[in-house]
Amino acid sequence: MEQKKVVMDADGIDRSLTRIAYEILEKNKGTEELCLVGIRTGGVFLAERLKKKLAKIEGVDLPTGVLDITLYRDDLRLPNKKPLLGRTDIPFSLDDKRVVLVDDVLFTGRTIRAAMDALIDFGRPKLIQLAVLIDRGHRELPIRADFVGKNLPSSLWESVVVNLMEKSGVDEVVIQAEKQ
Amino acid sequence: MKLMKKDILGIKDLSVDEINLILDTAESFIEVSTREIKKVPTLRGKTVVNLFFEASTRTRTSFEIAGKRLSADTINISATTSSVVKGETLIDTARNLEAMNPDAIVIRHSAAGAPHMLARMVKQSIINAGDGAHEHPTQALLDMMTIKEKKATISGLKVAIVGDIAHSRVARSNIYGLKKMGAEVVVAGPATMMPRDIERMGVAVFNNLGDAIKGVDIIMMLRIQLERQQQKIFPSLREYSSYFCLNRNNIKLAKEDVLVMHPGPINRGIEIAPDIADGPYSIILDQVTNGVAVRMALLYLLIGGQS
């Protein structure tokens, strides 16, 4: 018995990203020294979309990178945790940059902790901000997002999945009872 | 997919899927070595012992760098500075190392099968860094990675391996690997350097350099092991090089976009002319760069993420 509920459709995702794009501009007072880094894999597509939106609004082409946090995970020591390693690609210096880290779902905060450690290894950003499409709560670390598409109170027994056109062929956010 | 193995002992026991997993993982690790801070915390708290009973610069350094870039503690033991000179047997050395509880032991030994024996005896992951004339799996993996990087795929390529095939663990591991990945392999060398029944490995055999490299995509030159000259397997270095040295004339027989590889150390002017070793066809130093990435991948896949 699997219950599945769509909590955000394609239009909803697009509107949220548009708003986040404007919020990024507002908070940073423009695009100076601004860059985007998407966390593999969901965050990468969202970062690309934000980049397009910001290009449309401000007419600038922001440097955009891809970050794989596998090597920085804190659960690698646990048995049976060995995710496939993806490639990190940040082809620009992060020194003194305003970095907007982009991910699809903010949950325990552990991914973001790993991502921040990884970013620091690439240089010394002026600041790091966090943009997520969904904040589902249940933080285990003192981390919060600067830009949130939708706050989605969820139970620990549920899973929140962001499907994106680039990978799944459909834009939607679904919440479902976790598969056993 | 996960690598369901405790040890890496030879290419012969790896499946195509496992080879692909290792090569893909290694590709992702290349980027780490290009960073300003060339270190990730992945293997923090893990210990890797490099146990080298034979001389090595490249392989030992490569393993040490690979471990360090993953934040593992690496310890090097070479035969000349170890208790081996006091007469300790390999088994006793291994048992003592095991008692200090490292996570992986990288071993090079002149006896074929030494890593396999170790793997049966100790609970740690064993990586074979060359055992006698048997296998050198990490070399073959970095060679395959380099070929894949330059030619996009290994399948369908024609590869010539030239030199002292009989004494070469590099040749053996590469023949296993390249054949598995769908390449056509030919070998060439003087008859005294050809192992018996080499055809059984599924390779064509030539006693002439020109015939072997005709139309090939890759030429892999092997080092003439000067230390074996007393065994009288060839009359003189000069004679060997007049027949089997790859130079700017005979390389024209290969494909126009041929790539030249060599596991090192190279004997300039003996098996490979200096202008070829340093020339545009040569990807010898790319092999060395990729060696670090391959060894990082193996350490990550074997001991990363185990409790």
I need the contact set between residues 120-127 of chain A and chain B: heavy-atom distance under 4.5 Å, sorted by residue number. A:Ile120, A:Asp121, A:Phe122
Identify the residue among B:Val48, B:Thr47, B:Asn101 that makes a side chain to side chain contact (heavy atoms under 4.5 Å, CB included) with B:Gln124. B:Asn101
Member of B:Asn50, B:Thr289, B:Val292 meeting the side chain to side chain contact (heavy atoms under 4.5 Å, CB included) criterion with B:Ser62: B:Val292
Contact class of B:Glu36 relative to chain A, heavy atoms under 4.5 angstrom: neither
Heavy-atom contact with chain A under 4.5 Å, split by part of B:Lys38: neither
Give every residue pair that meets the salt bridge (charged side-chain N to carboxylate O under 4.0 Å, His left out) criterion with at least one member in residues 169-184 of chain B, sequence neighbours excluded. B:Glu54-B:Arg169
Taking the side chain from B:Ser56 and the backbone from B:Arg60, do they hold a donor-acceptor pair closer than 3.5 Å? yes
Using only atom types and a distance under 3.5 Å, with no angle test, would you say the side chain of B:Asp217 pairs donor to acceptor with the backbone of B:Lys158? yes
A:Asp14 meets the side-chain hydrogen bond (donor to acceptor under 3.5 Å, both in side chains) criterion, sequence neighbours left out, with A:Lys53
The complete set of ring pair (Phe, Tyr, Trp, His ring centres under 6.0 Å) pairs with one or both residues in residues 42-65 of chain A, sequence neighbours excluded, reads none
